[in-house]
There are 2 protein chains.
Amino acid sequence: MPHSEIELTEAEWTIIKAVWEKQPCAAPDIQERLEKKTAWTYSTVRTIMDRMVAKGLLTAEKIRNLTLYRSAVTREQAQRGELAYALKHAFNGALTPMVQCLLDAGDLSADELAKLETLIKEKRKRAKTK
Amino acid sequence: MPHSEIELTEAEWTIIKAVWEKQPCAAPDIQERLEKKTAWTYSTVRTIMDRMVAKGLLTAEKIRNLTLYRSAVTREQAQRGELAYALKHAFNGALTPMVQCLLDAGDLSADELAKLETLIKEKRKRAKTK
DNA sequence: TTGCACTCTCTACATATGTAGAGATACAAC
DNA sequence: GTTGTATCTCTACATATGTAGAGAGTGCAA
């Protein structure tokens, strides 16, 4: 049992994506970087980030007057968390229908479909040899 | 533009799944049905349901002393909403990586993989003839 | 007409989340 | 020392979400 499910709110996703882009970073950095998109003030960004530290989503290291933040979870972990949530609630844990819905919903190009087909083939091969 | 994204909280998912199982239903029904899983009191269930009506997730029809609820969204709509959320936030809208992650994460049986492969093949065929 | 049994309405409270202002601090430049 | 400027800390408030108790309305059975 690795970690109790990781779940992010919309605001948290916005922040953590910015953190991933430039790892140790200060709150004012993030605030500036997001200003165009979100119009959040420094206080807002800072509050969210500190709450994320409390939740274990970020780490904070204080150096003099500056607080450096880093992500405490990888993008993959966060992605898995999000998928796990959808899988559990919307699809009762059934993976196949979920993938199916995904294929139905999106407009995938022939190229992308081909790529997926390849992926699955490889996966099957690996499953067999295991 | 169909509907502004549908999003459900954990509690709401629990409720709406119960409603889908037995369409017009009263709050006490749902409460009883969920009691084993959730231990929610009648008040709790009722409050959530009424809030869901306010959000347009359920409809309520009052007949004398009884309020009948129905789902205002289909399971498919709700599923799509959930996937759209994950897609947008965790994968920046890129479907292929999302499917990929899904394949990596879950332990799909060879059978299921085969089924998916078939699905994709069909999809490609349809895409071509279109 | 009294009393259950059922369902409802109203109100309440804790925690979570989104959002931000006001004032304190630290450090560099003058 | 005084003044800026960047950064921080604290506090606050609105809305959302989870959770539930107390008491009122309705109708059947005795």
Side-chain angles (χ1 to χ4, degrees), chain A residues 4-19 22 24-70 78 81-82 85 88-89, chain B residues 4-19 22 24-70 78 81-82 85 88-89:
Chain A
S4 32
E5 269 340 323
I6 290 166
E7 275 166 41
L8 301 172
T9 67
E10 205 156 346
E12 288 169 347
W13 268 112
T14 305
I15 297 278
I16 209 169
K17 284 198 265 188
V19 173
K22 181 170 168 301
C25 59
D29 281 354
I30 302 293
Q31 193 269 319
E32 278 168 39
R33 204 115 48 78
L34 295 178
E35 200 158 30
K36 284 149 200 169
K37 270 187 245 227
T38 63
W40 288 335
T41 65
Y42 167 79
S43 288
T44 299
V45 171
R46 181 71 196 231
T47 302
I48 300 175
M49 291 181 81
D50 286 337
R51 285 178 186 166
M52 288 173 80
V53 171
K55 287 194 206 176
L57 295 172
L58 299 180
T59 62
E61 177 189 3
K62 185 153 189 179
I63 298 179
R64 299 180 150 277
N65 193 32
L66 191 67
T67 306
L68 283 184
Y69 294 88
R70 284 182 186 74
E82 200 63 64
Y85 182 90
K88 177 177 170 195
H89 297 101
Chain B
S4 32
E5 269 340 324
I6 290 166
E7 275 165 43
L8 302 172
T9 67
E10 207 156 347
E12 288 168 347
W13 269 111
T14 305
I15 298 279
I16 209 170
K17 284 197 265 189
V19 173
K22 182 170 166 302
C25 59
D29 281 354
I30 301 293
Q31 194 269 321
E32 278 168 40
R33 205 116 47 78
L34 295 179
E35 199 158 32
K36 285 152 201 168
K37 270 189 247 227
T38 64
W40 288 336
T41 65
Y42 167 80
S43 287
T44 298
V45 171
R46 181 71 197 229
T47 301
I48 300 175
M49 291 181 81
D50 285 338
R51 286 180 186 165
M52 288 173 79
V53 171
K55 288 195 206 176
L57 295 172
L58 299 180
T59 62
E61 178 190 2
K62 185 153 189 179
I63 298 178
R64 296 180 149 277
N65 194 32
L66 191 68
T67 306
L68 283 184
Y69 293 88
R70 286 181 183 76
E82 201 61 65
Y85 183 90
K88 176 176 169 193
H89 295 101

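Chain letters run A, B, ... following the sequence lines, proteins first, then strands; residues in each count from 1.
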(message) By nearest atom, which of the nucleotides dC8(C), dA12(C), dG21(D) is closest to the R51(B) side chain?
(response) dA12(C)

(message) Side chains of Y69(A) and I15(A), heavy atoms from C-beta outward: is any pair under 4.5 Å?
(response) no

(request) May I ask you to list the residues of residues 52-67 of chain B, by number, that have any heavy atom positioned under 4.0 Å from an atom of DNA chain D? (result) K55(B), R64(B), N65(B)

(request) Mind listing the closest non-hydrogen atom pair of L68(B) and A26(B) along with its distance? (result) CD2-N, 4.4 Å

(request) To the nearest Å, give me how far apart CD1 (I16(A)) and P (dT17(C)) are. (result) 14 Å

(request) Please report, rounded to the nearest Å, how far the C1' atom of dT17(D) is from the CD atom of E7(B). (result) 14 Å

(message) Checking side chain to side chain donor-acceptor pair (under 3.5 Å) between E12(A) and each of K55(A), R51(A), K17(A), which is the one that passes?
(response) K55(A)

(request) Report the distance from atom OG1 of T41(B) to atom CD of E35(B), rounding to the nearest 0.5 Å. (result) 9.0 Å

(request) Return the nearest nucleotide to the side chain of P28(B); candidates are dG21(C), dT7(C), dG18(D). (result) dT7(C)

(message) With a 4.0 Å limit, can you tell me whether T9(B) has a side-chain N or O closer than that to the phosphate oxygens OP1/OP2 of dG18(D)?
(response) yes

(message) With a 4.0 Å limit, can you tell me whether Y42(B) has a side-chain N or O closer than that to the phosphate oxygens OP1/OP2 of dC8(C)?
(response) yes

(request) Whole angstrom is fine here: how far is it from CD in E10(B) over to C1' in dA16(D)? (result) 15 Å

(message) Can you tell me which nucleotide in dA20(D), dT17(D), dG21(C) comes closest to the side chain of T41(A)?
(response) dG21(C)

(request) Give the rounded distance in Å between these two atoms: CG of L8(A) and P of dG18(C). (result) 11 Å

(request) Could you pick out which residue, R46(A) or T44(B), lies toward the 5' side of DNA chain D when each is mapped onto its nearest nucleotide? (result) R46(A)

(request) Could you state the atom-to-atom distance from CD of E12(A) to P of dT19(C) in whole Å? (result) 12 Å

(request) List for me each residue that meets salt bridge (Lys or Arg N to Asp or Glu O under 4.0 Å) alongside K22(B), sequence neighbours excluded, and say none if there are none. (result) D29(B)

(message) Whether the side chain of T38(A) engages the backbone of L34(A) through a donor-acceptor N/O pair (distance < 3.5 Å, no angle test) should be reported.
(response) yes

(request) Specify the separation, in whole Å, of atom CD1 of I15(B) and atom C1' of dT19(D). (result) 12 Å

(request) Can you tell me the distance, in whole Å, between the CE atom of M49(A) and the P atom of dT17(C)? (result) 17 Å

(request) Could you tell me the separation between the CG atom of L34(B) and the C1' atom of dG18(D), rounded to a whole number of Å? (result) 15 Å

(message) Is any side-chain heavy atom of M49(B) closer than 4.5 Å to one of Q31(B)?
(response) no

(request) Find which nucleotide of DNA chain C each of T47(B) and E32(B) is nearest to by heavy atoms, and output the residue with the more 5' nucleotide. (result) E32(B)

